[in-house]
Amino acid sequence: AQTVTQSQPEMSVQEAETVTLSCTYDTSESDYYLFWYKQPPSRQMILVIRQEAYKQQNATENRFSVNFQKAAKSFSLKISDSQLGDAAMYFCAYRSAQWVGNTPLVFGKGTRLSVIA
Amino acid sequence: KAGVTQTPRYLIKTRGQQVTLSCSPISGHRSVSWYQQTPGQGLQFLFEYFSETQRNKGNFPGRFSGRQFSNSRSEMNVSTLELGDSALYLCASSIGGTDTQYFGPGTRLTVL
């Protein structure tokens with residue numbers, strides 16, 4: 001079974017600075033997707049960024065980028081120019097790309113990010 | 001496009017009662033998944049439906065059940081509620097079975 005580990009329960013960053021959230025995962029599969037989701041106090045889970053394992057190029061979405069190291073099974077999220085609205089719980093998630101049956105998301109425990117004005 | 005909607009947003013029930021939660025996926029999405037979120041256990045997968053068929057099920061007791069209708073809307077039911085069922089229940093939809101899931105706002109269930 002796949003597992004996702006987020007080793008930083010809490011982190012903080014100064015407004016306008018850069019922060020990196022860590023995520024490692026364990027799988028024997030070669031084809032899969034990785035995601036970062038953000039859950040603000042409103043509780044709505046919002047997709048931040050997605051990475052396909054077969055792509056070597058790291059995904060980017062505006063101020064958000066990832067460092068995907070497939071061999072090391074590492075998938076970190078970098079937030080540049082942090083804003084107060086980035087304060088939330090961030091979840092790293094894994095989903096198999098197998099086509100047999102449907103596959104659920106496997107989540108890490110989350111990292112709570114605080115942004116200091 | 002409208003996002004995933006869940007009703008009701010809040011529910012308070014007592015032990016032994018049953019509850020039904022509803023989820024309407026994004027238009028065109030045929031897969032609906034349900035997750036339970038608690039402070040202690042984190043996010044746990046309940047089940048997933050695709051074209052009215054349950055394709056995958058998590059490790060939850062039989063008191064938790066679900067179904068999907070022909071319009072892809074889904075319901076989950078919890079019978080004989082226990083205190084430990086208090087949680088945020090999240091629904092997510094995707095086009096197919098393995099691509100990106102988009103989440104609804106959740107239903108907060110409190111069991112007294």
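Just so it is clear: chains get the letters A, B, ... in the order the sequence lines come, proteins before strands, and each one is counted from 1. Since we're looking at a predicted model, the values are computed, not measured.
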Exercise. Can any side-chain N or O of A:Y37 pair as donor or acceptor with the backbone N or O of B:F103 at less than 3.5 Å?
Worked result: no

Can you tell me if [atom1] on [X] sees more than 12 non-hydrogen neighbours from other groups inside 6.0 Å?
X: B:N71; atom1: CG; answer: yes
X: A:K78; atom1: NZ; answer: no
X: B:I12; atom1: CD1; answer: no
X: A:R63; atom1: CZ; answer: yes
X: A:R112; atom1: CZ; answer: no

How far does [atom1] of [X] sit from [atom2] of [Y], to the nearest 0.5 angstrom?
X: B:T100; Y: A:I49; atom1: OG1; atom2: CD1; value: 11.5 Å
X: A:R95; Y: B:S33; atom1: CZ; atom2: OG; value: 5.5 Å
X: B:Q101; Y: A:R50; atom1: CD; atom2: CZ; value: 11.0 Å

Exercise. Where does A:Q39 contact chain B at under 4.5 Å (heavy atoms): side chain, backbone, both or neither?
Worked result: side chain

Problem set entry | Heavy-atom contact with chain B under 4.5 Å, split by part of A:L47 | side chain

Is it true that [X] and [Y] fall in one hydrophobic cluster, defined by side-chain heavy atoms closer than 4.5 Å?
X: A:V106; Y: A:F35; value: no
X: B:W34; Y: B:V111; value: yes
X: A:F64; Y: A:Y33; value: no

Exercise. Closest heavy-atom contact between A:L105 and B:Y35?
Worked result: N-OH, 2.9 Å

For this session: Identify the heavy atoms of A:R43 and B:L90 that sit nearest to each other, and give their distance.
Result: O-CD2, 4.4 Å

Exercise. Among B:P105, B:G58, B:G3, who wins on heavy-atom pairs under 4.5 Å with chain A?
Worked result: B:P105

For this session: Please state whether the side chain, the backbone, both or neither of B:Q37 comes within less than 4.5 Å of a heavy atom of chain A.
Result: side chain

For this session: Check whether B:F47 gets within reach of chain A through its side chain, its backbone, both or neither, counting any heavy atom under 4.5 Å.
Result: neither

